[in-house]
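First up is the structure itself, then whatever we jot down about it.
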Amino acid sequence: MPSSLHTRVTESVGRSIVDGVVPAGAVMLSDEIERRQGVSRSVVREAIRVLASIGLVESVKRVGIRVLPQSHWNAYDPTLIRWRLLGPGKGEQLRSLTELRAAVEPMAAELAARHAPQPMSAEILNLAARMRTVGRSGDLPLFLELDIRFHSLVLHGSGNEMFATLDAAIGAVLSGRTDLGLMPTHPHETALQWHVDVADAIQGGHPQKARDSMELIMRRTIAEVESTWADTPRLFF
């Protein structure tokens, strides 16, 4: 099965659900998707399998493919996050993940200062130094790569396996923020220094300083992007 066909169908059907074009409760038929997309049954079957794993649909025998409400979606799936950031739900998605980061990452930094192995803390410090250099140069793609790695390592350095599994979701929102033009070409010097402060505190074994510095990063992040969700209602499942 050509992966490009599978990806195209998954993206097309998935985004139509996430964007609300196909509403919750609607029933789709495999043969209709085949005709509309111009693909084989096996391609559609694999696409539906992926969408079901994200919680967007369920296959109902003798009925069809039922679209599930948002309360069933796997909110931490990186593909779902990317689709939401590309569509009308971007403000809602940015708010949810930014608030999650603000709650989790300061604690992760504190725990990393207590528990991270020396090679890991050394890599975090090296990444922070490189981020400052690259941020000043204006190489945004490389800065994004380093930023994702930095925050992922802090999560893993906490030694908390549940924090660590958030790395893909947080990486997706960092990428989305850049793709949406919400990241300055040259990150602010203060923010670059705060990353260095976090890394230095982790390597030096200073939990409170690590937490406080990460808290500053998160507060600035909220201030920079909260305009995107100013008029977005909250969800209550």
Side-chain angles (χ1 to χ4, degrees), residues 78 81-82 85 90-91 93-158 163-164 166-230 232:
I81 290 169
R82 179 171 60 82
L85 288 172
K90 70 180 181 181
Q93 180 66 90
L94 274 172
R95 179 183 63 204
S96 297
L97 273 173
T98 302
E99 290 175 350
L100 177 69
R101 293 184 65 198
V104 169
E105 292 200 58
M107 174 57 79
E110 177 181 334
L111 291 172
R114 297 182 187 277
H115 306 296
Q118 194 281 328
M120 186 176 285
S121 63
E123 185 177 355
I124 292 171
L125 187 60
N126 179 59
L127 282 166
R130 291 185 64 198
M131 285 173 64
R132 182 156 58 184
T133 300
V134 172
R136 289 170 175 170
S137 75
D139 187 342
L140 205 52
L142 180 54
F143 183 84
L144 173 62
E145 179 183 325
L146 297 172
D147 197 22
I148 290 173
R149 179 63 178 160
F150 175 90
H151 289 280
S152 174
L153 271 181
V154 172
L155 291 168
H156 283 266
S158 71
F163 285 2
L166 295 174
D167 61 351
I170 288 175
V173 78
L174 288 170
S175 296
R177 182 185 172 191
T178 300
D179 293 342
L180 291 169
L182 298 173
M183 187 69 185
T185 303
H186 294 84
H188 198 279
E189 282 289 332
T190 303
L192 294 173
Q193 182 59 51
W194 286 336
H195 282 78
V196 173
D197 292 344
V198 169
D200 185 62
I202 289 173
Q203 188 176 59
H206 303 293
Q208 190 60 51
K209 182 182 176 184
R211 184 188 186 102
D212 291 346
S213 298
M214 185 64 84
E215 177 77 22
L216 290 170
I217 293 172
M218 293 299 104
R219 290 296 177 186
R220 185 178 187 90
T221 298
I222 291 173
E224 289 175 344
V225 299
E226 64 182 345
S227 62
T228 63
W229 65 69
T232 304

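Looking at every heavy atom in both residues, Leu85 comes nearest to Ala172 through CD1-O, 3.8 Å. Here the closest non-hydrogen pair linking Phe143 and Val134 is N-CG1, 3.6 Å. The shortest non-hydrogen separation linking Ala168 to Pro78 is CB-CG, 3.6 Å. When all heavy atoms of Ile202 and Ala116 are compared, the pair lying nearest together is CG2-CB, 4.3 Å. Ile222 and Ala102 make their closest contact through CD1-CB, 4.0 Å (heavy atoms, listed as atom of the first residue, atom of the second, distance). Residues Gly135 and Pro187 share a closest heavy-atom pair of O-CD, 3.5 Å.
A 4.5 Å side-chain heavy-atom check between Met183 and Leu144 finds every atom pair outside the cut-off. In this structure the side chain of Leu166 never reaches within 4.5 angstrom of the side chain of Glu105, judged on heavy atoms. Between Met214 and Met107, every side-chain heavy-atom pair lies at or beyond the 4.5 Å cut-off.
Considering CZ of Phe150 and CG of Asn126, their distance stands at 11.5 Å, rounded to 0.5 Å. Note that the CZ atom of Arg177 and the CG atom of Leu94 stand 9.0 Å from one another [nearest 0.5 Å]. Separation of atoms CZ (Arg101) and OG1 (Thr221) is listed at 5.0 Å; rounding is to 0.5 Å. The structure places OG of Ser213 at 10.5 Å from NE2 of His195, a figure rounded to the nearest 0.5 Å. Note: Thr228 OG1 to Leu180 CG = 8.0 Å, rounded to the nearest 0.5 Å. To the nearest 0.5 Å, the span separating CG on Leu111 from CZ on Phe163 amounts to 6.0 Å.
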Legend entry - Verdict with reasoning, Glu145 to Arg149, per salt bridge (Lys or Arg N to Asp or Glu O under 4.0 Å): CA-CA 6 Å; Glu145 179 183 325; Arg149 179 63 178 160; over 6 Å; no
Inset, instruction - Test side chain to side chain contact (heavy atoms under 4.5 Å, CB included) on Leu174 and Ile170 and set out the steps. - result: CA-CA 6 Å; Leu174 288 170; Ile170 288 175; 4.1 Å; yes
Inset, instruction - Kindly indicate, with the supporting measurements, whether the criterion side chain to side chain contact (heavy atoms under 4.5 Å, CB included) is fulfilled by Met120 and His115. - result: CA-CA 10 Å; Met120 186 176 285; His115 306 296; over 6 Å; no
Inset, instruction - Might you work through the side chain to side chain contact (heavy atoms under 4.5 Å, CB included) test for Glu110 and Arg114, ending with a clear yes or no? - result: CA-CA 7 Å; Glu110 177 181 334; Arg114 297 182 187 277; 3.5 Å; yes
Legend entry - Stepwise side chain to side chain contact (heavy atoms under 4.5 Å, CB included) test for Leu155 and Val104: CA-CA 9 Å; Leu155 291 168; Val104 169; 4.0 Å; yes
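Without hydrogens or angle criteria, Arg132 side chain to Leu192 main chain gives no donor-acceptor distance under 3.5 Å. Between the side chain of Ser96 and the main chain of Gln93, no donor-acceptor pair closer than 3.5 Å is present. Counting only distance, with no hydrogens or angles, the side chain of Ser152 and the backbone of Ile148 share no donor-acceptor pair below 3.5 Å. Arg220 places no side-chain N or O within 3.5 Å of a backbone atom of His188 that could act as its donor or acceptor partner.
Look at Arg82 and Asp179 and you find no salt bridge, because none of the NZ, NE, NH1 or NH2 atoms lies under 4.0 Å from a carboxylate O. A salt bridge is absent between Glu215 and Arg211; no separation between the charged side-chain nitrogens and carboxylate oxygens falls under 4.0 Å.
Other residues, nucleotides and ligands contribute only 12 or fewer heavy atoms inside 6.0 Å of the CZ atom of Arg219.
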